[in-house]
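Worksheet: the structure to be examined is printed underneath.
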Amino acid sequence: MHSIDIDPKTKGEVEVTGWIHEIRDLGGITFLLLRDREGITQITLPKRKISKEILEKVKKASRESVLRVKGDVQEDGRAPNGFEILPSSIEILAMAKSPLPLDPTEKVSAEIETRLDQRFLDMRRPRVKAIFMIRSYALRAIREFFYEKDFIEVNTPKIVATATEGGTALFPISYFEREAFLNQSPQLYKQMLMSSGFERVFEIGPIFRAEEHSTRRHLNEATSIDMEMSYADDEGVMRLLEELIHHTYKYIAKNASRYLRVLEREIKIPDIPFKRISYNEAIEISDLEWGDDFGALGERKLGESIGEHYFIRKWPLEIKPYYTMPCGKNESKSFDLMHPRAELASGSQRVHDHKLLEKQIEERGFSPESFFFYLNTFKYGMPPHAGWGLGLERLLMTMLDLDNIREAVMFPRDRRRLVP
RNA sequence: GCCCGGGUGGUGUAGUGGCCCAUCAUGCGGCCCUGUCGAGGCCGCGACUCGGGUUCAAAUCCCGACCUGGGCGCCA
C-alpha cells in the first residue's frame with residue numbers, strides 16, 4: 001500500500017513500507033515519517049499507547065532504514081495529511097548506515113556532483129524522484145501519440161560500422177577484431193526502413209556523442225525520439241512534431257500534476273502552430289552572415305526575441321547533412337525546433353533519389369562506398385519521406401525549467417562521469 | 001580543443017598571512033520534553049585534496065599533480 005492510497009476515512013489496519021524520512025522524538029510522543037515512492041505517511045507513537053518493544057525498535061532505527069509498519073489509521077486534523085498511523089507492529093527490513101553521504105530530506109543542499117556520486121540516495125529525494133516520474137509520463141505520452149498516429153516502434157543497432165552524418169565525434173569501440181562505433185543517431189536505419197515499407201516508424205533510444213564539451217545542456221549519452229514517415233514532406237512532419245510537443249505538455253499537466261506540485265512547477269501548454277521563421281529572417285535578427293550557424297549567443301538572442309517555441313526553416317543546404325532535400329538555389333527542406341533555452345529537434349524532408357544522394361555524399365567529401373549498405377536501399381524503390389529527431393532530455397529540461405540537463409537523466413554520462 | 005573558476009568535518013559553508021589546535025548550519029552520540037510538521041533546549045563528536053616551495057609564521061601566497069564546476073567552439 002502506498003501513502004497516497006490511504007486517506008483519513010480508511011478503515012481498519014493498513015500495512016505501509018518505506019524509508020525513515022525523519023524521526024521527531026518529543027519525549028512523551030514520537031513522530032516517525034515514513035517515505036515511499038508516492039509520498040510521506042506519519043506514524044505516531046504516543047508513549048502510553050504503544051508497546052515498549054515498538055518504541056525500542058524506533059529508538060534503534062537509523063534514518064533511511066527500511067520499515068514495514070502495520071497499524072490502524074486515525075483521522076486527526078493535527079497530522080500532515082489529516083491522518084496518522086498508530087502502529088501495532090514495526091519490522092526493520094534493512095538498517096541504514098550512518099552518516100548518510102547525502103541528506104534525503106533536503107535540509108542541507110548538496111552540489112550536483114555530490115548528488116550524482118550518490119545518485120541512488122539523491123533520487124530518494126521527492127523533488128528528484130518527481131522529475132523521473134514525469135519523465136516516465138512523457139515517454140508514455142509520446143508512445144501513445146505515435147501509436148495513435150499509426151506509427152510502429154522499432155529498434156535499430158547502436159553498434160555501427162560508420163559515422164552517420166560526419167558532424168559529431170564518435171566513440172570507437174572494439175568489435176571482435178574490428179573497430180566499430182556507438183551510433184550517434186538512428187538516421188540511416190530509419191530511412192532504410194522506409195524502403196522496407198514500414199511507412200511510419202519511431203524509435204526512442206540512446207544516442208552517443210563523443211564531444212568534449214562540459215555544459216549544462218549537453219550529454220555524451222542522450223535519449224533521442226526519432227521518427228521517419230513515408231510520403232510526407234518537411235511541413236508534414238513539422239506539424240506532427242508540434243502536435244507531439246503540445247500533446248506531451250497537455251498529458252503531463254493532466255496526469256502528472258502531483259509531481260509538478262512536488263517540483264513547484266507549473267507548465268504552460270504551448271500554443272500550436274508554433275511560429276515559423278526562415279533561416280534568412282533568423283540570421284537577420286541575430287546579425288549573422290548567410291551560411292553561419294547560430295552560436296550560443298545567437299540562439300539566446302533569437303530565443304529572447306521570440307520567447308516561445310519556434311521553428312527555423314529552410315537552412316542553407318551546405319550546412320545540413322547530405323540526406324537533406326535541397327530546395328531552391330541553395331536552401332533545403334530542413335528545420336530546427338527551438339525553445340528559447342535550447343535546440344530541441346531537427347529534421348527535414350530527405351533525399352530519396354539515389355543519384356542525388358550519392359552526389360551530396362560526395363560533395364561533403366565522403367566516399368559512397370562506405371555508405372553502400374545505405375545507398376543500396378535507394379536503388380529499388382525508395383518512397384519520398386521526411387523525419388526528425390527530438391532530444392528527450394532537452395524536452396524535459398525546457399518543460400520543467402531544469403537548470404542542468406543532467407537533472408533529466410538518472411545516471412548521466414558527461415565528459416568526466418562514467419560512474420555510477 | 002580554447003578560456004575562466006573551485007577543492008575546509010558525512011553534507012552545505014565562514015575564514016585571503018599571526019586574532020584559527022578553524023565559523024555556522026545540518027548530521028551523529030547523550031540528556032530533557034505528549035502534537036511535531038525545517039520541532040525546540042542543553043552537552044559532546046567530527047574537516048583545511050596531495051606533494052614541493054616562500055616566510056619567524058600558511059587553510060590563506062607561489063609551483064606541480066590529482067579531482068572538479070562552468071563559459072565558448074563544436075554539437076542535439
Side-chain angles (χ1 to χ4, degrees), chain A residues 21-33 40-50 55 59-60 62-64 74 76-82 84 86 96-118 121-122 125 163-170 184-187 206-226 292-300 319 321 336-339 341-347 388-395 397-398 403-406 408 414-417:
Chain A
H21 190 68
E22 247 182 298
I23 296 176
R24 300 199 190 103
D25 182 356
L26 274 65
I29 189 167
T30 299
F31 299 99
L32 187 159
L33 305 184
I40 291 171
T41 306
Q42 177 162 294
I43 316 295
T44 305
L45 305 99
K47 208 171 181 176
R48 284 201 214 115
K49 292 187 192 166
I50 302 295
L55 290 170
K59 187 100 185 151
K60 194 177 80 184
S62 52
R63 290 167 73 216
E64 295 303 315
Q74 291 267 285
D76 194 319
R78 293 171 296 184
N81 300 315
E84 57 199 13
L86 289 176
K97 260 185 77 176
S98 176
L100 297 162
L102 197 75
D103 171 24
T105 65
E106 303 186 289
K107 276 183 216 156
V108 181
S109 60
E111 292 189 354
I112 186 124
E113 71 262 33
T114 310
R115 293 176 44 209
L116 293 176
D117 283 341
Q118 310 295 337
L121 260 184
D122 184 48
R125 298 159 72 189
T164 302
E165 31 195 287
T168 195
L170 298 174
Q184 65 183 91
S185 144
Q187 183 63 32
I207 55 169
F208 304 91
R209 312 269 162 122
E211 298 292 338
E212 297 197 6
H213 34 44
S214 166
T215 80
R216 292 176 300 170
R217 52 182 198 288
H218 290 94
L219 294 166
N220 293 295
E221 177 176 351
T223 308
S224 179
I225 300 153
D226 266 273
D292 285 347
D293 207 336
F294 304 94
L297 211 88
E299 266 184 26
R300 204 171 308 142
I319 60 171
D336 279 8
L337 172 64
M338 308 297 297
H339 178 275
R341 280 187 63 198
E343 180 182 340
L344 296 184
S346 73
W388 43 252
L390 164 68
L392 175 63
E393 287 83 10
R394 289 245 175 125
L395 177 65
M397 173 177 81
T398 53
D403 65 349
N404 194 318
I405 198 161
R406 295 171 182 87
D414 60 41
R415 177 71 185 84
R416 295 203 162 84
R417 186 170 293 278

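None of the values given here were measured: they were computed from a predicted structure. Lettering follows sequence order; numbering is per chain, from 1.
Taking only side-chain atoms of A:Ser109, from C-beta outward, the nucleotide of B:rC74, B:rC37, B:rG12 with the closest atom is B:rG12. Closest to the A:Lys107 side chain, of the nucleotides B:rG70, B:rG27, B:rU36, is B:rG27. Side-chain proximity of A:Glu113 to B:rC74, B:rC37, B:rU68: nearest is B:rU68. Taking the side chain of A:Thr44 as heavy atoms from C-beta on, and the options B:rC28, B:rU11, B:rG35, the nearest nucleotide is B:rG35.
Across all strands shown, B:rG1 forms a Watson-Crick or G-U wobble pair with B:rC72, both key distances being under 3.5 Å. Under the Watson-Crick or G-U wobble criterion, with both distances below 3.5 Å, B:rU11 is paired with B:rA25. B:rA47 is unpaired under the Watson-Crick or G-U wobble criterion, no partner having all donor-acceptor distances under 3.5 Å. Of all nucleotides present, none satisfies the Watson-Crick or G-U wobble test against B:rG35 with each distance under 3.5 Å. Base-pair partner of B:rC42: B:rG30 (Watson-Crick or G-U wobble, both distances under 3.5 Å).
The P atoms of B:rC75 and B:rU60 are separated by 43 Å, rounded to the nearest whole Å. Distance check on atom P: B:rU16 versus B:rC72 gives 32 Å, rounded to whole Å. B:rA65 and B:rC4: their P atoms are spaced 15 Å apart (whole Å). Spacing between B:rG30 and B:rC21 at atom P, rounded to whole Å, works out to 31 Å.
An OP1 or OP2 oxygen of B:rC74 is reached within less than 4.0 angstrom by no side-chain nitrogen or oxygen of A:Arg209. Applying the 4.0 Å criterion to OP1 and OP2 of B:rU11, one finds that A:Arg125 has every side-chain N and O outside that range. An OP1 or OP2 oxygen of B:rG70 is reached within less than 4.0 angstrom by a side-chain nitrogen or oxygen of A:Asn404.
One distance of note links CZ of A:Arg300 with CZ of A:Phe294; it measures 14.5 Å at 0.5 Å rounding.
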